[in-house]
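Per chain, numbering begins at 1; letters A, B, ... match sequence-line order. Note that these values count all heavy atoms, side chains included, but never hydrogens, waters or copies made by symmetry.
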Protein chains: 2
Amino acid sequence: MNTISVHININSGLYKKDPKSSDLGKRIVSKSIEMIHDIGFEDFTFKKLGVEITSNESSIYRYFESKHMLLIYLINWYWSWLEYRLAYKIQNIESPKDKLEIAINLLVQEVIDDNDFSSINEILLHKIIVDESSKAYHTKSVDAENEKGYFKCYKRVVKRVSDLVLECNPDFEFPHMLISTVIEGAHQQRYFSQHLPSLTDFEKGKNNIVRFYTNLVFKTLHIS
Amino acid sequence: MNTISVHININSGLYKKDPKSSDLGKRIVSKSIEMIHDIGFEDFTFKKLGVEITSNESSIYRYFESKHMLLIYLINWYWSWLEYRLAYKIQNIESPKDKLEIAINLLVQEVIDDNDFSSINEILLHKIIVDESSKAYHTKSVDAENEKGYFKCYKRVVKRVSDLVLECNPDFEFPHMLISTVIEGAHQQRYFSQHLPSLTDFEKGKNNIVRFYTNLVFKTLHIS
DNA sequence: CAAATATAATAGTATTACTATTAAAAAACA
DNA sequence: TGTTTTTTAATAGTAATACTATTATATTTG
């Protein structure tokens, strides 16, 4: 899996200059992931990032229009990466049910291994998705940004997995609702397990989030 | 239902001066709901609110410590109100299954009627819950605020409905996950239906969100 | 009618999320 | 090699935000 980064292609409308094209760009992306994870998106600023990478606020603005756009970039990277892993993992699987189970697992499981070959720490990026990604689309500019294709990668993943749902049960009325509920739900449960645990039944090491959502999907689709 | 407001008691740690205790306080709450709904939470400021209610920024700060605290107040009001309606609606119902169905419906259904007797427009407040409530707890101060009891009303509702789940199926392992997934999921689906419809299977007038979540709960619990 | 309290008006602060300009350094190219 | 172009760094500046503090003026209460 060490050539994953080759497959991640991000919509060029998301940046002003491709951060993959220079060392500074890579440092921006890589350090921003660490910092957003550490201090949270609201406290993260380009000024602080500039200090950390011994560069300058204004230099960062040459890559990203705003910190909001940087977050959108990171989120797209994550979903592209997930889409690639999904395709890879189900490519030789025949059974629709097995494919769906693998997909659910991928969507719902915590990310625990990092690919050292890219400048992106996927473990931390997954945590950013859990903690911060709702901030990318809960804005007054969602509609305009959706039209520009800023959420395409995410929507494509939902579409792909919804198609797997329909392969299992062609009569099911709500495949997109089911999958977006599972994805967002799993992220929320991970967040709640850290901060509002009484909203969950999380128990360390028991894989409850994965078990809950897998069970929920197959029960809802009447296949078990 | 016109004496609902009597039953809504908000934790006094959420405000500096009780907004129910004065006309200005009521105008603050009532107008803030309209404004947050109209322009969104980020663009909403106490300065703008002051202008709208022909009062002053600094006067508003005498009621609420920050706009964040005002949002927390509104969210608590919403969940108190829901808790009251829940108790009221299931009080004479015997069957656990019927009680749970009523509860799910209440959690998942859009709010369509306003109680003119309070200074709170519940229709708009529900829309704020859908659009903005995740911003109340996706902060670096969640843990501190959770300890102060800022999320108590919400957690109490989840607990109550989880108990109804266990009444229906005492062996079910994940009642809290199920209910918080349904609540948050339904809010997200309403948001997505407006802004990212390809993530849903929403169709106007077909009540798909209610049908989907009701079905999901009863299938997951093996009772239909 | 006096005292206490609530409100309004004004001013001020640190920080944010940028933009603009210019100079220096590095890379490309001829 | 020298020159041009591009990239980066440094500095300064702006409008807005999310507040705090102070004081004057209403309004309510005893």
Side-chain angles (χ1 to χ4, degrees), chain A residues 12 14-32 35-36 38-74 119 132 135-136 138-141 144-145 150, chain B residues 12 14-32 35-36 38-74 119 132 135-136 138-141 144-145 150:
Chain A
S12 65
L14 299 180
Y15 48 75
K16 281 159 77 178
K17 177 178 174 173
D18 189 351
K20 277 182 299 186
S21 72
S22 76
D23 182 63
L24 180 63
K26 282 173 208 152
R27 269 153 57 218
I28 289 171
V29 170
S30 152
K31 198 71 189 182
S32 71
M35 289 184 75
I36 293 171
D38 285 348
I39 64 179
F41 187 66
E42 0 291 310
D43 288 352
F44 167 79
T45 69
F46 280 1
K47 198 162 207 165
K48 291 177 188 168
L49 175 59
V51 173
E52 287 287 317
I53 60 176
T54 50
S55 172
N56 199 274
E57 193 185 12
S58 53
S59 302
I60 300 164
Y61 276 106
R62 292 178 49 83
Y63 287 83
F64 293 102
E65 207 172 289
S66 62
K67 70 172 186 170
H68 177 242
M69 287 307 299
L70 170 57
L71 181 61
I72 302 259
Y73 176 90
L74 295 177
S119 57
E132 316 284 1
K135 294 167 190 169
H138 275 105
T139 68
K140 278 281 154 179
S141 48
E145 293 180 355
Y150 291 4
Chain B
S12 65
L14 299 180
Y15 47 75
K16 282 160 74 178
K17 178 179 175 174
D18 189 351
K20 278 183 298 185
S21 72
S22 75
D23 181 63
L24 179 62
K26 283 174 206 151
R27 270 153 56 219
I28 289 170
V29 169
S30 152
K31 197 72 190 183
S32 71
M35 288 184 76
I36 293 171
D38 284 348
I39 64 179
F41 187 66
E42 358 291 311
D43 287 353
F44 167 78
T45 70
F46 281 180
K47 197 161 208 165
K48 290 178 189 168
L49 175 59
V51 173
E52 288 287 317
I53 60 176
T54 51
S55 171
N56 199 274
E57 192 186 13
S58 53
S59 302
I60 300 164
Y61 276 105
R62 291 177 49 83
Y63 287 83
F64 293 101
E65 206 172 289
S66 62
K67 69 172 186 170
H68 174 67
M69 287 308 297
L70 171 57
L71 181 61
I72 303 259
Y73 176 90
L74 295 177
S119 56
E132 317 284 0
K135 294 167 191 170
H138 274 105
T139 68
K140 278 281 154 179
S141 49
E145 294 179 356
Y150 291 4

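- Within the 4.0 angstrom heavy-atom criterion, only backbone atoms of the sugar-phosphate kind lie near T45(A); the bases stay farther away.
- The phosphate of dT7(C) (OP1 or OP2) has a side-chain N or O of Y63(B) nearer than 4.0 angstrom.
- Atom-to-atom, CD of E57(A) to C1' of dG13(D) comes out at 12 Å; the value is rounded to the nearest Å.
- OP1 or OP2 of dA17(C) sits under 4.0 Å from a side-chain N or O of K67(A).
- Between S66(A) and dA17(C), a side-chain N or O to OP1/OP2 separation shorter than 4.0 Å is absent.
- For E57(B), there are no side-chain hydrogen bond (donor to acceptor under 3.5 Å, both in side chains) partners, not counting sequence neighbours.
- Between the CG atom of L24(A) and the P atom of dT6(D) there is a distance of 18 Å, given to the nearest Å.
- One interatomic measurement links the two molecules: OH of Y61(B) to P of dT10(C), which rounds to 18 Å at whole-angstrom precision.
- For E42(A) and dA18(D), the CD to P distance is 12 Å, given to the nearest whole Å.
- Put simply, CZ on F64(A) is 19 Å from C1' on dT19(C), counting in whole angstrom units.
- At a threshold of 4.0 angstrom between heavy atoms, the contacts of F46(A) with the nucleic acid are absent.
- At least one side-chain nitrogen or oxygen of S55(B) sits closer than 4.0 Å to the OP1 or OP2 atom of dA8(C).
- Remark: S58(B) is not in phosphate contact with dA8(C), judged by side-chain N or O atoms under 4.0 Å from OP1 or OP2.
- Here K17(A) reaches the OP1 or OP2 of dT8(D): one of its side-chain N or O atoms lies under 4.0 Å away.
- Summarising the geometry, the separation between CG on D43(B) and C1' on dT17(D) is reported as 11 Å, rounded to the nearest angstrom.
- The distance between atom CG of D23(A) and atom C1' of dA27(C), rounded to the nearest whole Å, is 14 Å.
- In terms of the salt bridge (charged side-chain N to carboxylate O under 4.0 Å, His left out) criterion, R62(B) has no residue partners (sequence neighbours excluded).
- In this structure, M69(B) places its CE atom 15 Å from C1' of dA18(D), rounding to the nearest Å.
- A heavy-atom distance below 4.5 Å is found between the side chains of Y73(A) and P19(A).
- Of the candidates dA9(D), dA17(C), dT10(C), the closest approach to any side-chain atom of N56(B) belongs to dT10(C).
- Remark: T54(B) is not in phosphate contact with dA8(C), judged by side-chain N or O atoms under 4.0 Å from OP1 or OP2.
- Of the possible donor and acceptor atoms, none in the side chain of K31(A) sits under 3.5 Å from a partner among the backbone N and O of E52(A).
- At most 12 heavy atoms of other shown residues, nucleotides or ligands fall within 6.0 angstrom of atom NZ in K47(A).
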